[in-house]
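Step one of this worksheet: look at the structure below.
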Protein chains: 2
Amino acid sequence: MVEETGFSLDTLRYYERIGLLEPVERNAVGQRRFSDHDLGWLGMVRCLRDTGMPIAEMLRFAKLVRNGEHTIPERITLLESHDRDVEAQIAQLREKQDAIKRKIHHYRDVVALSGTPVSCQAAEAGSR
Amino acid sequence: MVEETGFSLDTLRYYERIGLLEPVERNAVGQRRFSDHDLGWLGMVRCLRDTGMPIAEMLRFAKLVRNGEHTIPERITLLESHDRDVEAQIAQLREKQDAIKRKIHHYRDVVALSGTPVSCQAAEAGSR
DNA sequence: ATTTCACCTGGAGTGCACTCCAGGTCAAGC
DNA sequence: GCTTGACCTGGAGTGCACTCCAGGTGAAAT
């Protein structure tokens with residue numbers, strides 16, 4: 001029920017244990033109640049995690065957040081650096097994706113050639 | 001010296017062990033000599049790996065390649081599916097990157113506001 | 001009253017993709 | 001003639017980010 005944070009319960013406990021999430025409030029029977037504040041932070045964590053930031057760096061960021069507003073310039077620096085990483089990741093994915101697309105086209109050509117009746121000098125082209 | 005494949009020696013040995021690379025030719029003293037064929041395949045492996053394909057699926061692909069030309073339609077299917085995965089990855093990265101950029105802008109605003117002399121009703125806005 | 005359910009705890013285990021280690025071989029350089 | 005360096009082997013170890021487990025609690029449903 002309280003996994004509408006988008007993370008599994010185990011993951012949330014893990015994050016709390018390692019300090020990526022500060023101790024979460026509990027209700028009368030000791031169950032975690034995530035505040036809007038927690039949910040907001042988890043949204044940030046999700047962004048960072050899904051863009052490949054390692055937990056160690058998220059912890060650095062978390063520490064800055066805990067240390068108050070005067071760390072904002074540092075947080076900006078950290079996020080800007082990460083943003084550049086993400087940009088590089090995207091560029092790299094695009095590049096490799098292009099190569100994959102080229103391979104697909106190559107395969108299509110091979111199939112097209114070997115599929116032609118018996119004409120041309122094809123049929124054996126594009127092999128090993 | 002033979003790591004101009006772009007992979008570490010250990011990684012190459014690992015790939016050979018698990019069958020992602022078929023047994024590599026050796027020179028007189030038993031050292032690996034990567035053929036152009038190997039290098040071409042490793043280039044493909046690099047593309048797939050760097051776009052997040054798990055090794056298990058690369059093994060599936062490797063098997064298709066080994067089984068000859070009649071598996072080309074299947075290879076196309078596999079690569080097309082992976083291409084769609086990559087597209088989705090990029091879209092997701094872009095989406096999260098936007099959120100990160102928004103966060104950066106938000107922080108910039110906070111800094112700008114708290115930095116203004118003493119005017120406006122600012123200075124305390126956007127905290128938490 | 002008891003089964004079900006959603007949570008709790010500390011700690012152990014998992015899966016992935018490497019990466020390292022100890023001990024060994026050969027060729028080349030000083 | 002010995003060290004250096006690049007490679008070899010099988011097998012063990014690593015780091016990351018979870019994920020699972022056994023045993024337990026309290027509220028809710030049958």
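Protein chains get the first letters and strands the later ones, always in sequence-line order, with residue 1 at the start of each.
- Aromatic ring pairs are classed by plane angle as parallel below 30°, tilted from 30° to 60° and perpendicular above 60°; the pair B/F7 and B/Y15 is perpendicular.
- Across the protein-nucleic acid pair, B/D50 atom CG and C/dA17 atom P stand 13 Å apart, rounded to whole Å.
- Rounded to a whole Å, the CZ atom of B/R46 is 13 Å from the C1' atom of C/dC18.
- Between the CG atom of B/N27 and the C1' atom of C/dA28 there is a distance of 15 Å, rounded to whole Å.
- Distance CD (A/E25) to P (C/dC8): 14 Å, rounded to an integer number of Å.
- The shortest distance between the side-chain N/O atoms of A/R26 and the OP1/OP2 oxygens of C/dT9 is below 4.0 Å.
- Side-chain heavy-atom separations under 4.5 angstrom define the hydrophobic clusters, and the remaining members of the one that includes B/I90 are A/V86, A/I90, A/L93, B/V86, B/L93.
- To the nearest angstrom, P of D/dG15 lies 16 Å from CD1 of A/I18.
- Side-chain N/O atoms of B/T11 include one lying less than 4.0 angstrom from OP1 or OP2 on C/dT19.
- At a cut-off of 3.5 angstrom, the base of D/dG10 holds no donor-acceptor pair with the side chain of B/R17.
- Interface remark: the A/D10 side chain does form a donor-acceptor pair with the D/dC20 base, using a distance-only criterion of under 3.5 Å.
- The nearest whole Å value for the distance from the CG atom in B/L9 to the C1' atom in D/dC8 is 9 Å.
- Put simply, the side chain of B/R26 gets close to the backbone of B/V24: a donor and an acceptor are under 3.5 Å apart.
- Closest-nucleotide positions on DNA chain D for A/Y15 and A/V29 were compared, and the one nearer the 5' end corresponds to A/Y15.
- Rounded to the nearest 0.5 Å, atoms OG1 (A/T5) and CZ (A/R32) are 11.0 Å apart.
- A side chain to side chain donor-acceptor pair (under 3.5 Å) with B/T71 is found for exactly one of B/E69, B/R75, B/E74, namely B/R75.
- Rounding to whole angstrom units, CG of residue A/L12 and P of D/dC18 are separated by 10 Å.
- Side-chain proximity of B/Y14 to C/dC8, D/dA17, C/dT19: nearest is C/dT19.
- Listed candidates were C/dC8, D/dC18, D/dC20. Nearest to the side chain of A/R32 is C/dC8.
- One interatomic measurement links the two molecules: CG of B/L42 to C1' of C/dC18, which rounds to 15 Å at whole-angstrom precision.
- Closest contact between the side chain of B/I55 and the listed nucleotides D/dC18, D/dC8, C/dA17 involves C/dA17.
- Base contact: A/R13 has a heavy atom under 4.0 Å from a base atom.
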